[in-house]
Each structure stands twice: as C-alpha cells, then as structure tokens.
There are 2 protein chains.
Amino acid sequence: MKKLDLFCSALIVFVSSGVLAVAPALCAQENDSLPLMPLPAQMVLGQGQFLIDGSFSIGLEGYTDSRLVLGRQRFLDTLTRETGIPLSAEAQATPPTFIVKTAAASDAVQQLGENESYRLDITATHVQLTAPNPLGALHGLQTFLQLVRVTPQGFSVPAVTIDDKPRFPWRGLMIDSGRHFIPVPVIERNLDGMEAVKLNVFHWHLSDDQGFRVESKRFPLLQEKGSGGLFYTQKQIGEVIQYARERGIRVVPEFDMPCHTNSWLVGYPQLGSAAGPYKPATKWGILDAALDPTQESTYRFIDSFLGEMTALFPDAYFHVGGDECNGKEWDANPKIQAYMHEHGLNDDAALQSYFSGRVQKLVAAHHKIMEGWDEVLQPDTPRDVVIQSWRGQASLAAAARQGNRALLSTGYYIDLNQPASQHYLVDPLGGDAASLTPEQSARILGGEATMWSEFVDGENIASRIWPRTAAIAERLWSPQQDRDVPSMYSRLAVVSQKLEYYELHLQSNPLLMLQRMSGESDPRYLEVLAAVVQPPEGYVRGGLKQYGPSTPLNLLVDAVPPESETARRFNDLARLIAAGKATAQQLQEARDWLVLWRDNDAKLQPLLGQSELTQELIPLSHSLSQVAAIGLQALDDLENHRATSAGSVQENTQLLEDAAKPQAVLLDMVAPSVELLVQAAGAH
Amino acid sequence: MKKLDLFCSALIVFVSSGVLAVAPALCAQENDSLPLMPLPAQMVLGQGQFLIDGSFSIGLEGYTDSRLVLGRQRFLDTLTRETGIPLSAEAQATPPTFIVKTAAASDAVQQLGENESYRLDITATHVQLTAPNPLGALHGLQTFLQLVRVTPQGFSVPAVTIDDKPRFPWRGLMIDSGRHFIPVPVIERNLDGMEAVKLNVFHWHLSDDQGFRVESKRFPLLQEKGSGGLFYTQKQIGEVIQYARERGIRVVPEFDMPCHTNSWLVGYPQLGSAAGPYKPATKWGILDAALDPTQESTYRFIDSFLGEMTALFPDAYFHVGGDECNGKEWDANPKIQAYMHEHGLNDDAALQSYFSGRVQKLVAAHHKIMEGWDEVLQPDTPRDVVIQSWRGQASLAAAARQGNRALLSTGYYIDLNQPASQHYLVDPLGGDAASLTPEQSARILGGEATMWSEFVDGENIASRIWPRTAAIAERLWSPQQDRDVPSMYSRLAVVSQKLEYYELHLQSNPLLMLQRMSGESDPRYLEVLAAVVQPPEGYVRGGLKQYGPSTPLNLLVDAVPPESETARRFNDLARLIAAGKATAQQLQEARDWLVLWRDNDAKLQPLLGQSELTQELIPLSHSLSQVAAIGLQALDDLENHRATSAGSVQENTQLLEDAAKPQAVLLDMVAPSVELLVQAAGAH
C-alpha cells in the first residue's frame with residue numbers, strides 16, 4: 001500500500017493559489033487524500049484503480065433482503081447517472097466484479113446504536129464490501145459512489161481499503177414542514193442527500209404555529225383548519241418512512257407542544273389557554289398560543305392523538321418539542337393562574353415542567369421514548385428522555401451530567417446562513433461538554449442540523465441544506481481530530497457536485513430563480529452580482545422586512561446560497577495580499593475579479609429596472625461597483641508601494657462599512673475583503 | 001382595443017441585431033405580438049395588463065369535474081413556479097379574479113375531433129376563460145401561463161382576447177420506448193411539455209427489436225425475456241394514461257408487427273419466421289426478425305395479446321406498426337414460400353398485406369380502429385384504418401385519395417437533428433397533399449413528431465424533443481399562413497424558457513453531462529465548444545461509429561442540443577456581413593465571437609486530455625480555433641476593403657470544408673458561416 005502522492009500534489013497546487021492557509025499537515029493526513037465526506041474512520045490507499053465500464057456488475061452474498069436488493073438497484077441507478085453508462089441488475093455478469101457480503105439482518109425497525117460499520121476493499125480488479133448488516137452495506141455503497149471520478153482511462157475508483165464506522169449514533173437533519181410545507185418529492189430528494197453523507201435520522205418537524213402538516217383521522221380539524229390544505233396524508237407519511245428506511249434513515253416525528261401550537265387551536269380552540277377563536281398565523285416569530293396544561297381534557301386529547309401518531313411512526317423515539325413558551329396566555333388566564341397557585345407551580349417554567357411530565361408519561365404509555373428540546377429537562381425528568389439542545393453545549397452537558405442522553409443542535413442551525421466552516425468546527429463534545437466524564441460523554445448521542453423554514457420553501461430548501469449539511473455530517477461521523485477547514489472545503493465542493501446526481505438541483509434551481517426574477521434567459525450580469533452576495537447571518541433578515549407564510553420567496557436573497565464561494569475565495573486572496581504574501585498571479589487574479597465587479601454595474605443597471613423583483617438591487621449593484629473600484633485603487637497603491645493617505649483610508653473604510661451593511665436584505669461579501677486591502681495599503 | 005406597440009418596437013430592435021431577415025411584415029401580423037406557441041387562431045390585444053400577486057384567485061363555474069379541479073391545481077402550481085408567489089386553491093379570494101366557465105362534460109374517453117376550442121378574455125382587472133368542455137378549458141389555462149412575464153410592476157399578463165381552436169385534430173408526439181427504455185417520470189415530464197404546447201396525442205411506441213416494454217400477463221415471456229428488466233407494469237401504464245387524460249392527451253399504443261419484433265421472439269420463438277432461437281438485439285438498424293404470417297397460431301397469439309392490450313389502453317385507436325419488413329426470414333423459409341405460392345401471394349409486400357388484413361380484422365373485433373405506418377395501406381384496406389405516413393406527403397396524399405384518413409410524420413422526425421425551421425415549414429397539406437380536394441383534405445388528421453430512440457435515453461431525451469417539437473405543435477394547431485421563421489424562433493426561445501417550469505431541465509441536464517464528462521464543476525471552456533457543435537443530421541451518426549442498446553450516451557454529441565442557437569445567430573450575422581449589410585456593432589459582435597472561439601482552444605486543450613470522454617474532442621477544439629482565425633482574417637480583409645487572394649480563398653475554403661466534416665461525431669457549425677465570410681472577402 002502506498003500514499004496517493006498525486007493527490008497531495010494537487011492539494012499543494014491548491015495551496016499555492018491562496019485558498020489554503022495551512023498546507024504541510026495535509027499530506028501527512030491520509031484521510032484527506034480522497035474526496036470523501038464524511039471522512040472514514042480508517043483508510044489505506046492501494047495501488048492502481050478499478051475501472052467502471054459496461055461490464056461492471058455487483059453481486060450480493062450472505063444475508064440478503066429486499067432492502068439490499070433495492071439498495072443495489074439504486075446504487076446502479078446512481079452509478080449510471082454518475083457515468084452515463086447503462087447498468088442494470090438484470091444484465092449482470094457472472095461472477096460479479098463487485099461483491100457485497102452481508103452477515104445478518106438489520107433490526108426490523110432501525111435502532112439507535114445499531115451497527116453501521118462496513119469494510120470496503122477496492123483493488124484494480126475487484127471490489128469487496130463487507131458489513132455485519134444491510135445498514136453498514138448501504139453506507140459502504142455510498143462511499144464507493146463518492147469515489148467515482150473520470151480519468152484518461154475512463155470512469156474509475158482508486159484502489160483503497162476503508163474500515164469505517166460512525167463516531168456518534170444519532171446524526172440527524174431536521175426539516176421544518178410546519179412553517180412552510182415541503183412537498184413529499186422534495187423531502188425524498190433530501191433523504192437521498194442524507195444517505196449520500198451517511199446521516200441516519202430524519203427529524204420531521206410536523207407542526208408549528210403556522211401549519212399542522214399530518215392527516216389525523218381522530219382529529220381531522222387539525223389538518224382541515226390548520227394546514228391551508230397543505231399536509232401529508234398518512235399514506236404519504238408511510239411512504240416517506242419506507243423511503244427513509246430503505247436508505248438507512250430513521251424518521252423521528254416532532255409535534256411541538258405545549259407552545260408553537262397555534263395551528264392546532266384553529267380547529268380545536270378548546271385546548272388553548274386563551275378564549276379563542278384562533279386564526280391561522282400570518283407572521284413568523286414566537287406566538288402566544290399555548291395548550292392549556294391545567295385541564296384534563298388537554299391530556300385526553302394528547303393521549304388519543306399520541307395513540308394515533310405513535311402507531312403511524314415506528315421509530316422508538318417521539319419528539320414533543322417543548323421550546324419557546326412565552327407564557328403570555330397562561331399569565332392572562334385567571335383559571336390557569338388559580339390552578340398554578342393551588343398546585344404550587346410557582347412560575348411558567350414550573351407549569352411547563354408539569355406539562356412535560358404528564359406528556360412524558362403518555363408517550364411512555366404508548367411505548368415510545370420521549371425526546372424534547374432543552375426546556376423539557378427538569379431534575380425529575382426520567383433518565384430515558386432525550387434532550388435536543390438548541391441553547392448550547394452548556395445545556396447539553398448539563399443534561400448528560402444529570403444522566404439524560406442528549407444531542408446537539410446549537411451550532412448546526414443551517415437556517416442562520418453561517419459558513420460551513422463554522423458548523424464544521426462545532427463539536428458535540430466541545431465547549432462545556434469537553435469536561436464530561438467518559439460515562440457522561442457516552443450520553444451525548446450526536447447532533448442534528450436544523451432547517452427551520454421561515455425563509456425556505458420547496459424550491460430553495462435544498463440549496464440551503466446542501467452542501468453545508470455535509471460538513472455537519474462529517475463532524476458527526478468522522479474522528480474528532482478531523483478538523484482541517486481547507487480540506488473540508490475542497491471535499492465539500494466535490495460532494496456538492498456529486499449531489500447533482502441525486503437530483504437536488506443545487507446549481508440549476510438558483511439559476512432558474514434568477515431567470516424568473518429578471519425575465520432574462522441568460523441573466524449573466526445578475527449572476528455576477530448573485531455570486532458575491534449573501535443573506536445576512538442569524539436572525540437579522542426578519543428585522544429588515546415584514547415576512548410571513550404568504551411572503552413570496554422569489555428575490556435574490558432567496559436564490560443565492562447562504563455562503564458565497566466566490567467571496568470566500570476572494571477573501572483568501574485578500575488576506576494573502578494584505579499579508580504581503582501574494583504571488584503575482586494571485587494579484588492578477590484579485591485584479592481580474594475587481595475589474596469584473598467594477599464594470600458589471602454598467603451592464604446590469606439597465607436590466608434591473610425591467611423587473612419589480614430586481615429593482616431593489618439597483619443600489620446594491622452600484623455599491624458593488626464602488627467597492628471594487630476602491631479595491632482596485634488599493635491594489636494599485638500596494639503594487640506601487642505607495643501608501644494611501646490616512647484620510648483616504650478613513651473615507652474608503654467608511655464607504656466600505658456602509659457597503660457591508662444589508663441592502664435589499666443582502667450582504668455584499670466583497671466589501672470586508674476590500675477593507676483588508678485598503679487597510680494594508682494605508683499601513684504601507 | 002389597440003396594438004401593443006411596445007412589442008413591435010422590441011422586435012425591430014431584434015431585427016437590427018441581424019437575426020431577422022424580414023421585418024416590416026411583423027408588426028402587421030397581430031399574432032406575432034405575443035410570445036405564444038402555438039399561435040392562436042384569433043387574437044386581439046387590449047389595453048393594460050392583469051397583475052398577478054398573492055391575491056390571485058381562480059374559480060370554476062358551470063360544469064365542473066375532477067379533471068378541472070386537478071387542472072386548476074396544476075395551473076396554480078405552475079403559476080407559482082413561474083412567479084415564486086405561493087398560490088393555492090384553498091386560500092382563494094371570493095369572488096375570484098379569474099373565472100373559468102365550462103359548459104359541459106368532455107367525452108369519457110377523449111375522442112379524435114372532440115371540441116378543443118376556448119376563449120380567453122383578459123382585461124386589466126379580470127380574466128374569463130370560456131370553453132365548451134374541460135378539454136378547451138385546459139388549453140386556455142396553458143395559454144394564460146405562456147403569457148406570464150415579469151415587468152416593472154410585477155408579474156402580469158397583457159390584456160388580450162383570444163379565440164382559439166386547432167387546425168388539425170391529431171397533434172402527436174411519438175416516443176420510442178422500445179430501443180431505449182424511457183422511465184415513467186421522464187414520460188410524465190414530456191406529457192407536461194405536450195400539454196404546454198397543446199399536443200393531444202401521445203403515441204407510445206412500446207415494442208421494437210431491442211425491447212418489449214409492457215407487462216403482459218397472458219404472455220409474460222414478452223417482458224421477461226424481451227426487456228432486460230426494463231418495462232412498464234400495467235399499473236404504470238394505467239397511471240400514465242390517467243396522467244395524460246388529465247392533460248387533454250390521448251394515449252395511442254403501438255405494438256409494431258410483423259417486423260421489428262425480435263424482442264417478442266426471444267420469449268416466443270415459435271411465432272417467428274426463422275428457426276430461432278432469437279437473442280436480444282445488440283445493435284440498431286433493420287433486423288430480419290419477423291412474425292410468421294402463414295401460421296394460424298400467430299393470429300391466435302395476436303388475438304389474445306390484443307385482447308389484453310386493447311383492454312389496457314382505452315383510446316379508440318390502436319397502432320400495429322407495420323413498417324420496414326426486409327422479408328429475409330420469409331424468403332429463407334420454404335414453408336412460408338410454399339404458403340405464399342399456394343395462396344397467390346406473389347411477393348413479400350403481398351404477404352405483409354395479407355398479414356395486415358388479418359390483424360386489422362382482429363383489431364376491429366376488439367372494437368378498436370387500426371392505425372399503421374404507410375406499408376399497411378393496400379387497395380382493400382378498410383376505410384377506417386388510419387395511415388401514419390413516414391414516407392412523405394405523396395403517400396399521405398395517396399391514402400387520403402383512396403379514402404383513408406392519414407397523418408404526417410415525414411418532416412417531423414425529430415431524431416434526425418434538423419433545425420426547428422425545417423420541421424416548422426413542413427405542412428400536412430403541403431407538397432402532394434396541397435392538390436387534394438376539400439373532401440380528401442379533410443381526411444388529413446394532422447401529424448406527429450417522432451422521437452426514435454437509438455440515440456436518446458431518459459437523460460437526454462427531453463433536450464432532443466424540446467423545444468423543437470413546439471414548432472411542430474404550432475404547425476399542427478395554428479392557421480396555415482403562420483409561417484414566419486424569425487417570429488417562430490423568437491417565440492420558441494420564450495417557450496423553451498417556460499418549459500423549465502415544467503421541470504424538463506433542458507438547460508441543466510446538458511450542463512450536468514458536460515460536468516460529468518469533463519470531471520470539472522465549472523466546464524466553461526467545454527461549454528464554449530459545446531455551444532457551436534451539433535450532431536450530424538439524418539442517419540449519418542450511425543455510420544460513423546458502432547452503436548447499440550448498451551452504448552453509453554455520455555459524450556459531447558449526446559449532451560449538445562440538435563440545433564446550435566449560437567451558431568444559428570452567428571450564421572445570421574455572417575450572412576449580413578457577407579451581403580455588406582452589417583452595422584459596425586454587428587461586425588464587432590462577429591469579431592467578439594470569433595476571438596472567443598479562436599482563443600478557447602488554448603484553455604480547453606489541457607483539460608480535454610484528463611478524461612477519456614473528452615479526449616476525442618482535441619482535434620475538434622483545435623479545428624474550431626483555426627476556423628475562427630480564418631474568420632478573423634476574412635473580417636479584417638472585409639473591413640479594410642482588401643480582397644483576399646484567390647489562392648488564399650481556395651486554401652481556406654478547403655480547410656473550412658474539412659473542418660465542417662464530422663469530428664468526434666460532431667459538426668462544427670461555425671465553419672460554414674466562416675466560409676461565407678471568406679467567399680465575401682475573396683469577392684471584394
């Protein structure tokens with residue numbers, strides 16, 4: 001076995017283009033030498049490559065079941081999309097060149113902690129995938145698919161031996177179907193994406209103030225009054241669960257209560273803590289609506305509802321939410337206040353705790369293990385309850401210290417438009433959790449990326465989830481020491497391209513949105529602008545404009561990805577230039593970008609006015625042009641070793657800081673990089 | 001009512017860029033002033049525009065059924081995709097601003113000649129769609145969707161009154177699922193495209209030498225031995241028929257016989273004219289396999305098979321193929337020869353005629369009207385048999401003269417990579433058919449685009465069918481006098497963009513193929529080359545390389561559209577320049593293109609070698625560069641009024657003619673245009 005030196009060289013070239021900050025460690029890290037994501041636990045490169053052509057065939061040995069047979073067919077379908085070579089299980093050669101050996105059956109319902117390991121041996125002539133069960137085999141097939149690349153000899157995978165298993169047993173993606181309904185085909189495409197990066201829990205947030213999204217036969221007014229007609233039938237739910245199972249993914253439903261329940265109360269106001277009537281929510285944010293925890297009829301309803309839903313969802317875990325109660329309805333209801341006083345419930349937290357305790361007993365009576373957000377954790381919470389932490393690693397650690405199992409979502413809020421690097425470096429066993437004892441650490445089950453849907457719908461959700469969630473998937477699967485950001489970004493780019501073969505349309509959907517908003521079939525100048533702007537991070541967007549469930553998500557901010565690849569690369573260049581470490585080629589590259597941005601506005605301006613949707617971009621486009629002109633001046637000064645005057649630096653800095661503020665709910669991501677150049681030119 | 005002058009101006013601007021050859025007639029032609037395809041029978045522009053925002057609502061009045069309700073939902077879904085504005089039938093305002101008034105029910109099974117008319121009245125405040133039945137209403141909804149555009153005021157449709165009905169009752173698209181299996185979702189996307197341009201017959205070619213694609217319960221070896229595992233279940237067939245019905249489309253199945261039946265004979269060799277065994281076909285072309293028309297067991301089989309299939313397909317028409325018998329198996333079989341002699345069947349044509357007659361009786365006994373290709377027509381063919389003409393307008397006219405109804409496919413063979421303009425100008429009542437009497441003309445039912453699938457699969461078929469088939473759809477729907485090619489191309493571009501909202505991925509699938517073949521996520525230099533090459537026309541491709549069902553369709557020739565838009569526009573420029581009529585701006589535009597092509601090769605060359613799939617493009621890329629350099633020299637000469645020497649002209653012409661020959665199974669479409677420039681420079 002030998003290291004694949006070629007790939008190391010390639011990475012060094014990459015370094016020399018200024019994208020990588022730290023290079024030498026890379027070639028020492030064997031894991032980085034193949035574009036896999038998540039990185040496997042162990043990997044040893046072999047010699048040569050295994051060619052994929054029309055004679056490719058794959059056979060199943062040992063234990064076999066329909067999931068493996070279907071998995072093989074999907075594997076062949078994906079491999080066909082990756083290569084364009086027609087492959088089918090029917091037309092298979094004997095003996096096959098790729099053998100999958102599975103030892104035994106998986107659990108009938110996928111369990112937390114079920115063995116997910118596999119071993120993949122690829123030589124120049126044969127492939128062998130060994131796994132204790134179908135779950136591991138499915139993971140191994142995805143690893144193989146990630147390795148496929150085109151070479152002068154054709155499509156191939158490199159010879160390699162991989163021994164792999166996950167670091168954490170709970171690796172999830174939450175999709176919020178409550179705020180915006182997400183159609184079933186979009187859910188399924190994202191399950192495909194999850195399988196590709198070995199995520200194993202689809203946490204389905206199925207109700208919220210703005211929508212109740214599941215057909216209830218016992219309480220039909222839930223969906224009839226609470227969904228605006230947009231809900232999943234029980235048949236569809238069953239199909240999604242089956243679809244997920246075939247891909248090694250558990251489905252954990254969440255019905256958030258006692259708050260975030262406005263949509264329940266439209267049809268069943270008698271459950272509410274206020275007099276009602278409740279109307280469909282028309283805005284985002286924390287609403288006041290809350291179930292009444294003091295009346296027995298509430299628990300009878302929940303009991304019956306849980307009876308229906310626990311039968312629908314086979315997973316052992318059941319999420320009851322429990323987050324963000326503002327308590328206003330409780331405070332305003334004298335009956336509830338009297339009840340609290342009578343039962344020694346001193347505040348709203350105590351009332352919610354009482355509610356959680358009652359609900360937990362109901363969930364347990366229906367043979368499920370309760371999961372809830374931070375707030376459900378109380379000193380007397382049963383030890384089997386799983387806490388999902390959105391408040392931070394401190395509350396995660398607190399749960400584990402108390403004896404509960406917990407998973408992390410703080411840091412994985414992919415609705416907040418943070419860069420992949422930021423999510424990537426958040427470790428479930430970092431921060432406060434780093435000081436846990438081994439026994440306590442073992443209670444940290446993993447984590448979940450959360451796709452809250454205030455600003456996504458079926459059209460753009462995939463381009464928000466991916467590719468960044470692949471970086472989170474790696475954090476949850478791969479060894480803790482894999483933390484090299486440049487390596488992550490270089491592999492993320494490959495994975496992002498691979499996801500196109502899963503029909504996630506990460507490239508084409510945003511382009512279609514640009515075409516639509518501009519009315520142009522070739523919106524090339526708008527694309528230049530779109531490539532360097534980003535939605536603001538965190539919860540800023542909601543403060544800049546009024547949004548609600550009926551607000552169209554058809555503007556530039558909805559089309560651009562949360563992280564600008566172009567701006568990130570330009571920032572790397574700017575940092576090198578500011579540090580005086582840029583090569584002539586890098587200086588030229590920076591100049592070319594700046595000229596493009598400076599000159600784009602003149603071409604784009606006349607077009608922006610032609611559409612109501614792009615008119616608001618007129619100042620932003622102009623601002624980008626100004627920013628680029630300032631950047632070019634700074635480059636000139638730097639290259640001519642001419643110090644910019646302090647006054648000019650100050651003036652430009654002010655301009656750049658203004659330019660970096662949100663315009664049309666978008667951030668110009670070039671401005672901060674140009675500020676680096678201006679500061680450097682001033683300090684010369 | 002007044003003409004929309006703005007649009008006329010826009011067309012004049014378009015003229016000045018050199019794309020239109022004839023301008024003045026355009027603004028006189030009212031039909032051309034909106035980007036509709038097919039053009040409606042009558043249209044009068046009104047004043048103002050109807051805005052589409054979140055308050056948009058649509059109500060059904062008069063007769064209503066599930067097809068209308070589903071049609072309204074699909075309309076709203078498409079409108080949401082066109083605008084990004086969330087719209088649902090549930091959240092509809094009262095009273096609605098768009099009213100659909102339908103008079104009565106359609107036929108239970110869509111009939112040939114059923115009324116398809118509708119009237120669409122759009123004012124600045126209201127829309128009214130009136131139709132005699134749901135079929136007309138569905139067409140009217142599609143017309144509205146085509147009118148949607150973005151303006152400074154938002155999304156809108158122009159005020160207009162349209163009275164519309166089709167010229168021909170049979171407007172079809174044939175898809176060959178026999179040679180390459182086309183998956184159900186791809187079929188469905190193309191049915192969506194058909195609905196968008198008002199095609200109303202999906203002719204499904206379900207069996208051919210290379211594959212038998214329908215599940216037969218009576219004769220399961222048909223699909224088990226004849227499909228390689230790729231066939232439609234009867235359940236899927238039913239779903240596709242329902243899907244088509246909802247979109248106003250009939251489904252006419254074709255089971256081609258007695259020839260093109262190799263796939264039948266793999267499982268049922270006793271039906272064949274040779275001793276067998278028959279093997280799955282591994283190449284294209286006309287095979288020898290033929291049913292034995294001389295044994296009664298053949299007809300018993302067909303009778304039983306027809307019994308099963310006529311029950312599965314509700315349409316009144318049933319296509320039995322009948323084309324391209326080479327007669328070799330019949331000639332070689334003494335038993336068959338004896339039978340022919342005995343029954344006075346003097347040649348293979350007579351034998352086939354005998355077979356067709358027998359089959360026709362069986363089809364009729366199963367209460368269907370037989371349809372067949374040209375060859376089935378004989379003097380004694382019953383008058384109700386419909387002839388599909390692939391041999392030309394002469395045989396079409398002959399059928400009509402004989403009293404049979406007929407439809408045209410000659411000229412609509414979209415597998416032959418001809419330009420849209422060529423298909424567009426073929427008229428079912430042109431050529432020989434122009435001399436038919438009115439009574440005979442009335443027997444010409446319309447036509448069908450035929451998508452034979454030697455060189456398409458599920459991945460690239462849509463980019464072959466669309467947008468060119470929209471031009472054929474217009475020929476079959478719109479008034480005969482609508483024949484303006486520049487107008488057609490300008491509207492085709494709009495329709496092509498619209499089809500993206502039907503998820504046909506005409507833009508993104510080809511890009512994905514370029515990414516795959518190159519291994520690059522941003523194959524920009526390959527895109528430059530791809531934009532100016534085309535697959536050769538006609539049947540040339542099959543002669544350049546060996547192809548068969550297992551040949552991957554993953555090369556550049558498979559990714560590029562059949563007609564290069566860039567090359568077509570450059571050709572318009574070159575013709576203007578050669579005629580001395582180009583403006584300075586047009587000369588500059590031509591120069592910019594040529595510089596791009598000349599310089600592209602240097603950047604592309606190093607990349608082409610990195611993939612086995614692009615290596616063959618090395619000479620082609622180099623050749624394009626040379627062609628462009630010659631073009632630039634000619635431009636220089638022309639602009640400097642310097643005559644190129646005759647020797648140089650001759651030498652360059654030779655080079656260009658070589659460059660115009662197929663390379664990597666592709667044509668450089670720039671070379672002929674550059675030859676125009678060289679000739680012009682020589683003649684100076």
Side-chain angles (χ1 to χ4, degrees), chain A residues 53-54 77 80-86 88-91 149-156 180-181 227-230 280 457-460 493-494 496-497 500-501 503 505 507-509 511-513 515-521 549-555 558-559 609-615, chain B residues 53-54 80-86 88-91 149-156 180-181 183 227-230 280 457-460 493-494 496-497 500-501 503 505 507-509 511-513 515-521 549-555 558-559 609-615:
Chain A
D53 58 23
D77 290 346
T80 288
R81 283 197 299 274
E82 282 191 300
T83 61
I85 299 168
S88 89
E90 288 263 336
R149 73 270 166 102
V150 72
T151 72
Q153 289 74 45
F155 289 99
S156 72
H180 272 108
F181 180 73
S227 76
L230 299 170
D457 57 19
E459 184 171 60
N460 70 350
V494 179
S496 188
Q497 177 67 38
E500 293 297 310
Y501 300 116
E503 298 181 43
H505 300 300
Q507 304 166 344
S508 58
N509 251 3
L511 174 60
L512 192 58
M513 292 175 76
Q515 291 169 331
R516 180 174 70 199
M517 75 181 73
S518 66
E520 295 174 83
S521 61
S550 62
T551 309
L553 299 177
N554 59 4
L555 299 173
D558 304 301
Q610 292 177 8
S611 160
E612 191 197 26
L613 285 72
T614 54
Q615 280 166 354
Chain B
D53 57 24
T80 288
R81 283 196 298 275
E82 281 191 301
T83 62
I85 300 169
S88 88
E90 289 262 336
R149 72 270 167 99
V150 73
T151 74
Q153 289 74 45
F155 289 98
S156 72
H180 271 107
F181 180 73
S227 76
L230 299 171
D457 56 20
E459 184 171 59
N460 70 349
V494 179
S496 187
Q497 177 66 39
E500 292 296 309
Y501 301 116
E503 299 181 43
H505 300 300
Q507 304 167 343
S508 57
N509 251 3
L511 174 59
L512 192 58
M513 292 175 76
Q515 291 168 331
R516 179 174 68 199
M517 77 182 70
S518 67
E520 295 174 83
S521 61
S550 62
T551 309
L553 299 177
N554 59 3
L555 299 174
D558 304 300
Q610 292 177 10
S611 160
E612 191 197 27
L613 284 72
T614 54
Q615 279 167 353

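To find a chain, count down the sequence lines: A is the first, B the second, and so on, and within it residues start at 1.
Counting heavy-atom pairs closer than 4.5 Å to chain B, the top residue among A:Thr83, A:Asn509, A:Leu555, A:Asp558 is A:Thr83. Contact count versus chain B (heavy atoms, under 4.5 Å) is highest, among A:Leu511, A:Leu512, A:Thr551, A:Thr614, for A:Leu512. Comparing B:Gln507, B:His180, B:Glu500 by how many heavy-atom pairs each has under 4.5 Å with chain A, the most go to B:Gln507. Most heavy-atom pairs under 4.5 Å with chain A: of the set B:Pro280, B:Pro86, B:Ser496, B:Pro549, this distinction falls to B:Pro86. Comparing A:Ala493, A:Ser611, A:Ser508, A:Ser521 by heavy-atom pairs within less than 4.5 Å of chain B, the highest count is held by A:Ser611. Note: B:Gly154 leads B:Gly519, B:Gly609, B:Gly154 in heavy-atom pairs under 4.5 Å with chain A.
A:Gln615 places a side-chain heavy atom less than 4.5 Å from the side chain of B:Pro152. Side chains of B:His505 and A:His505 form a contact here, defined as non-hydrogen atoms less than 4.5 Å apart.
Looking at B:Leu553, only its backbone comes within 4.5 Å of chain A, counting heavy atoms on both sides. Neither the backbone nor the side chain of B:Met513 comes within contact range of chain A, judged by heavy atoms closer than 4.5 Å. Neither the backbone nor the side chain of B:Ser227 has a heavy atom closer than 4.5 Å to any heavy atom of chain A. Contact of A:Ser518 with chain B is made through the backbone alone, with heavy-atom distances under 4.5 Å. Residue contact with chain A, scored on non-hydrogen atoms closer than 4.5 Å, involves the backbone of B:Gln153 exclusively.
Here the closest heavy-atom approach between residue A:Pro552 and residue B:Gly84 is recorded as CB-O, 3.4 Å.
A side-chain donor from one of B:Gln497 and A:Gln515 sits under 3.5 Å from a side-chain acceptor of the other.
The closest donor-acceptor contact from the side chain of A:Arg516 to the backbone of B:Arg81 lies under 3.5 Å.
Here the CD-CD distance, from B:Glu503 to A:Glu503, works out to 10.0 Å after rounding to the nearest 0.5 Å.
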